[in-house]
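Residues take their numbers from the sequence shown, with the count starting at 1. As the structure is a prediction and not an experimental result, all values here were calculated from the model.
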Amino acid sequence: MNRRYNRDVIPYARPAYLKSKISLNPVLYSLNPKLALPNVPAQSKTRTYTEDHPAGVLRDGWSEQVHPEGDNYYYQSERGLVTSLDPRDAQLSSCLTKAFDHLMSLLPSRYDVEVFIDLVFCIAPPQPTVTVYYYLVDHKSRQIFWAMDVDLKAIGLTEVLSKGHLKSLLTPEYWVHVDYYPVSDHFDRYFGDAEAELLGVLSHGAIDDKTAPGSTCPWAAAECIQYTSVIKDLRALDLKTTYRVAIIARLWSA
């Protein structure tokens, strides 16, 4: 995932990059093709990494997560840092920490946020650079934001009419992030209420589809009933897993 390197770009940091210039590149996940997820069969990604992994063990609070569709990503709960880059590489882990600290230094205070970071290392002269693709995630308000003012057109938002309109555009982007990186640690704090609200949306959608001409619900009544049944089954089992989080996010991002 996110392996998009050319001859001038290498996939893992070298010691020199710890002194390289950092360039921040704000992005939206669904509008940046460089961050696209491949379709990897789940059964091909089920091996549990141990001390035998060629890059060693995960340290510094990192945990490896497996997406329901099979891809791997990594989460550091203390910082709220998520990435698709394997932090077993010590130099890469150091660069992720450096990028994270740099982003936090740009904020007026330490918000309770999650931070997505991806890195591109360029060896082209005159000076090696590290490009940090990033966005910040506010789970409480269900929003994506950045550490500085951004050019909305540059990140793919070409028609923004107001702050309210911008919020309505970024809320689905929040759910796209949760869909791709469904960290179940957040379930009780953020996703339980979202799931209950989603059940209300689906119930209303089923009725709306049958009773109102030109319903704005994105699903037919039969689909709403089917999705409601799946969610209720998961609630009955009370399993707070990445599968459950991804299901909530997928429906909210529709």
Side-chain angles (χ1 to χ4, degrees), residues 27-33 35-43 65-71 73 82 114 116 135-145 152-153 155-254:
V27 294
L28 284 173
Y29 205 99
S30 69
L31 299 180
N32 194 319
L35 303 178
L37 280 167
N39 185 14
V40 181
Q43 63 267 24
Q65 312 281 326
V66 179
H67 190 274
E69 294 179 12
D71 214 1
Y73 57 98
V82 63
E114 189 169 284
F116 169 81
Y135 53 80
L136 307 175
V137 182
D138 185 343
H139 285 290
K140 187 175 181 180
S141 64
R142 302 177 188 173
Q143 287 291 296
I144 298 294
F145 68 107
L152 296 178
K153 290 183 179 180
I155 62 174
L157 298 177
T158 57
E159 297 292 337
V160 179
L161 305 178
S162 65
K163 289 184 178 180
H165 184 212
L166 177 60
K167 183 177 181 179
S168 70
L169 293 174
L170 293 180
T171 299
E173 291 294 331
Y174 163 78
W175 288 114
V176 168
H177 165 78
V178 177
D179 184 8
Y180 284 135
Y181 301 99
V183 178
S184 57
D185 297 11
H186 301 316
F187 193 92
D188 287 330
R189 192 172 182 185
Y190 301 118
F191 300 136
D193 289 344
E195 185 181 62
E197 186 180 349
L198 181 59
L199 283 172
V201 170
L202 290 169
S203 297
H204 178 269
I207 299 299
D208 192 49
D209 180 56
K210 290 297 186 181
T211 61
S215 171
T216 58
C217 180
W219 310 291
E223 292 176 292
C224 290
I225 294 170
Q226 183 179 18
Y227 298 152
T228 297
S229 176
V230 171
I231 293 173
K232 286 183 175 180
D233 286 345
L234 290 171
R235 285 167 70 89
L237 294 172
D238 197 27
L239 298 177
K240 297 163 186 175
T241 64
T242 57
Y243 292 91
R244 189 172 171 186
V245 174
I247 287 170
I248 295 169
R250 182 71 58 87
L251 291 174
W252 270 119
S253 64

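Rounded to the nearest 0.5 Å, atoms OG (Ser215) and CD1 (Ile207) are 11.0 Å apart. Between the OH atom of Tyr73 and the OH atom of Tyr180 there is a distance of 13.0 Å, given to the nearest 0.5 Å. Atoms CG and CD, from Asp71 and Gln65 in turn, are 12.5 Å apart once rounded to the nearest 0.5 Å. To the nearest 0.5 Å, atom NZ of residue Lys167 and atom CZ of residue Arg142 are 10.0 Å apart.
The closest side-chain heavy-atom distance from Phe191 to His139 is below 4.5 Å. Between Leu157 and Leu170 there is a side-chain heavy-atom pair separated by less than 4.5 Å. Side-chain contact check for Lys140 versus Arg189: every heavy-atom pair is 4.5 Å or farther apart. Counting only heavy atoms from C-beta outward, the side chains of Val245 and Tyr190 never approach each other to under 4.5 Å. Between Tyr135 and Leu28 the shortest side-chain heavy-atom distance does not fall below 4.5 Å. Side-chain contact check for Arg235 versus Ile231: some heavy-atom pair is nearer than 4.5 Å. The side-chain heavy atoms of Ile144 and Val137, taken from C-beta on, include a pair separated by under 4.5 Å. Between Thr242 and Val66, every side-chain heavy-atom pair lies at or beyond the 4.5 Å cut-off.
Residues passing the side-chain contact (heavy atoms from CB on, under 4.5 Å) test with Ser203: none are found, sequence neighbours excluded. The salt bridge (Lys or Arg N to Asp or Glu O under 4.0 Å) search around Arg250 returns Glu69, Asp179, not counting sequence neighbours. With sequence neighbours left out, the side-chain contact (heavy atoms from CB on, under 4.5 Å) criterion links Val201 to Trp252. Annotation: side-chain contact (heavy atoms from CB on, under 4.5 Å) contacts of Asp238 (sequence neighbours excluded): Lys240, Arg244.
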Throw together a table of side-chain donor-acceptor distances under 3.5 angstrom for residues 218-230, partners on residues two or more places apart or in other chains.
| unit_1 | atom_1 | unit_2 | atom_2 | d |
| --- | --- | --- | --- | --- |
| Glu223 | OE1 | Ala220 | N | 2.9 |
| Thr228 | OG1 | Cys224 | O | 2.8 |

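The salt bridge (Lys or Arg N to Asp or Glu O under 4.0 Å) analysis of residues 204-218, with sequence neighbours excluded, yields no pairs.
Contact record, His165 with Leu161: ND1-N, 3.0 Å, taken as the closest heavy-atom pair.
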Thr241 and Leu234: side chain to side chain contact (heavy atoms under 4.5 Å, CB included), yes or no, with the steps?
CA-CA 10 Å; Thr241 64; Leu234 290 171; 5.8 Å; no
Side chain to side chain contact (heavy atoms under 4.5 Å, CB included) between Tyr174 and Gln143: does it pass, once the steps are laid out?
CA-CA 5 Å; Tyr174 163 78; Gln143 287 291 296; 5.7 Å; no
Test side chain to side chain contact (heavy atoms under 4.5 Å, CB included) applied to Leu198 and Leu251, step by step
CA-CA 8 Å; Leu198 181 59; Leu251 291 174; 3.8 Å; yes
Take Lys232 and Leu199 through the side chain to side chain contact (heavy atoms under 4.5 Å, CB included) test and state the conclusion after the steps.
CA-CA 8 Å; Lys232 286 183 175 180; Leu199 283 172; 4.3 Å; yes
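Heavy atoms of other residues, nucleotides or ligands lying less than 6.0 angstrom from NE2 of His204 number 12 at most.
Not less than 6.0 angstrom separates the ring centroid of Tyr181 from the ring centroid of His67.
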